[in-house]
Number of protein chains: 2
Amino acid sequence: MKIDPNSPADLSAQIASAIRDAIVTGHLIVDERLPSEAELAEQFQVSRPTVREALKRLAAQSLIRTQRGATGGAFVNRLSFEDAYCQQVTTSTLLLSMNAVSFDTACEARYALERACAPLSATRRSADQLATMRAEIFRQGQPGLTDEAFCASDVAFHRALVDGAHNPVLSYQLAGAVEAMQPLMNMITFTARDRQSILVLHSQIADAVEACDGAAAVAGLTALEEETRKLAADVFARRAAKR
Amino acid sequence: MKIDPNSPADLSAQIASAIRDAIVTGHLIVDERLPSEAELAEQFQVSRPTVREALKRLAAQSLIRTQRGATGGAFVNRLSFEDAYCQQVTTSTLLLSMNAVSFDTACEARYALERACAPLSATRRSADQLATMRAEIFRQGQPGLTDEAFCASDVAFHRALVDGAHNPVLSYQLAGAVEAMQPLMNMITFTARDRQSILVLHSQIADAVEACDGAAAVAGLTALEEETRKLAADVFARRAAKR
DNA sequence: AGACTTTTAAATGTCTGACAAATGATTGTT
DNA sequence: AACAATCATTTGTCAGACATTTAAAAGTCT
């Protein structure tokens, strides 16, 4: 592991990069302890603050964790699905909000991906996940629910559907697509009639999943996508007309 | 934006978190300049190195960029699809390698997601993307290709297929699923016969895409998934038998 | 000998103050 | 007016110090 002191790039960035490579390539394995900050400073011929900046960069990506005390130090962190999930959601949300991604584009991606999970979920979902879907459908029918709460319940419903595939990689990937849509969905006001039609489609999907009918679940999702896009188009059209 | 000096969490982590929140919630907008390090230090009542550690954390997530000089400073960065794509690949790769995800699980997720893109790609792909697919198929048929090069070409083929959907959100999401599989695929040795059968399926998919036949493309992917899993199972069985 | 307390050492977390280097703005000169 | 020199601001880096946490080692008492 070497760095180039004459490179235009920051030393801390170079050091972080070198250590990251060592982790990705497997030269540093999970739970292995890195040298202490003082040792790293000497090894790279830089000062301790510079090493620390590099370590903080890695910590921000959950690649390492640090512990204080006598047997402390920086350890290679096992990247958990949970950690990756959170990063994924943050990144996806910012990506959508900062890049003027149209509602349709995001919606299309989300439902395309969800349809990929549906057949698996229909055959594998646990009773618990089905119950969650039913419970969220019930909640969505409650009067007096705020739009935010309705959206949150919607996310929970779809998350249960996705998790039903019992494939952690799929769940992780979908997390971004589904949750990142929430801020966009929150821009929409749902009338009672809108909610009713969404609810019907949700029930249809839940029924399909219960019957282990993947094709029907896919059909339900397709209908839901169409409904969602129509709904959003109406809202945006009304807003545009108001000006 | 306030922090709690008595919290058990690192000050730099708290500061990073506070600024991150400000960005995510839109209090800080793209290209807005943050206060200088000295000003932030005073604002949060901490020293400059502590502020710097916080800023490096944010820089590691591509949330800010820094510039030296008189009019320099830290600026809120527009998270590009390119940046997000790279992060996604790194995260997904580590996730798979560190969590003992089985080949089958990863494979299933990858092909399920790819099938989600196929119908869109069949109707929208540009001539350029179709040409890329054909070119990669040609390359895969060249004799003397190393297994690594074959895998790399495979990734390029599938990436062209995914990009054909012309949905940047989908492309970004799929990046992780497809590229993260490469290290797993590299563990496999492809015989000439294996390559031939993969090549045939790739051609089948390309033909379907050319004919705007989404269903046929999905069928091709399904067959390819089956073939890939069978291939991997054989390799693993042979390795297990050797011991 | 064993259980408890104290000490110690090692490591990260934080601070202070300083200098280097980059860079745009300002000023001065021709 | 064009160009060059200077300056001020800001990030990048360094050295050294102290605070805090933590576990192990040493010591002490029953």
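So that the names make sense, note that chain A is the first sequence line, chain B the second, and so on, each numbered from 1.
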Query raised in the report: Taking the six-membered ring for Trp, is the centroid-to-centroid distance between A:Phe190 and A:Phe150 below 6.0 Å?
Result: yes
Report summary line: When rounded to whole Å, the CZ to P distance for the pair A:Phe75 and D:dT22 reads 13 Å
Query raised in the report: Nearest of D:dT11, D:dT22, C:dG13 to any side-chain atom of A:Ala70?
Result: D:dT22
Query raised in the report: Okay, side chain of A:Gln45, backbone of A:Glu42: is any donor-acceptor separation there less than 3.5 Å?
Result: yes
Query raised in the report: Would A:Gln173 and B:Gln88 count as having a side-chain donor-acceptor pair, cut-off 3.5 Å?
Result: yes
Query raised in the report: Any side-chain donor paired with an acceptor under 3.5 Å for B:Tyr85 and B:Ser171?
Result: no
Query - A:His166 side chain to A:Arg125 side chain, donor-acceptor N/O pair below 3.5 angstrom - result: no
Query raised in the report: Could one point to a donor on the side chain of B:Arg68 or the base of D:dT10 with an acceptor on the other under 3.5 Å away?
Result: no
Query raised in the report: Do the side-chain N and O atoms of A:Thr93 and A:Thr90 include a donor-acceptor pair separated by under 3.5 angstrom?
Result: no
Query raised in the report: Counting only N and O atoms by type, is there a donor-acceptor contact under 3.5 Å from the side chain of A:Asn99 to the main-chain atoms of A:Leu95?
Result: yes
Requested in this report: Check each residue of residues 2-15 of chain B for a non-hydrogen atom within less than 4.0 Å of any atom in DNA chain C, then write out the ones that pass by number, or none.
Outcome: B:Asp10, B:Leu11
Report summary line: Only residue of A:Arg52, A:Arg57, A:Arg48 satisfying salt bridge (Lys or Arg N to Asp or Glu O under 4.0 Å) with B:Glu53 is A:Arg52
Query raised in the report: Does A:Thr71 have a side-chain nitrogen or oxygen under 4.0 Å from the phosphate oxygens OP1 or OP2 of C:dA11?
Result: no
Query raised in the report: Taking five pairs at each end, how big is the angle between the two axes of the helix from C:dA1-D:dT30 to C:dT30-D:dA1, to 10°?
Result: 10°
Report task. Starting from P on C:dT23, measure out to CZ on B:Arg65 and report it in whole angstrom. Result -> 14 Å
Query raised in the report: Quick one, which residues of residues 30-55 of chain A touch DNA chain C with a heavy atom under 4.0 Å?
Result: A:Arg33, A:Ser36, A:Glu37, A:Arg48, A:Arg52
Report task. Check the pair B:Gln14, B:Ser17 against side chain to side chain donor-acceptor pair (under 3.5 Å), reporting the backbone distance first and the verdict last. Result -> CA-CA 5 Å; B:Gln14 289 183 61; B:Ser17 199; over 6 Å; no
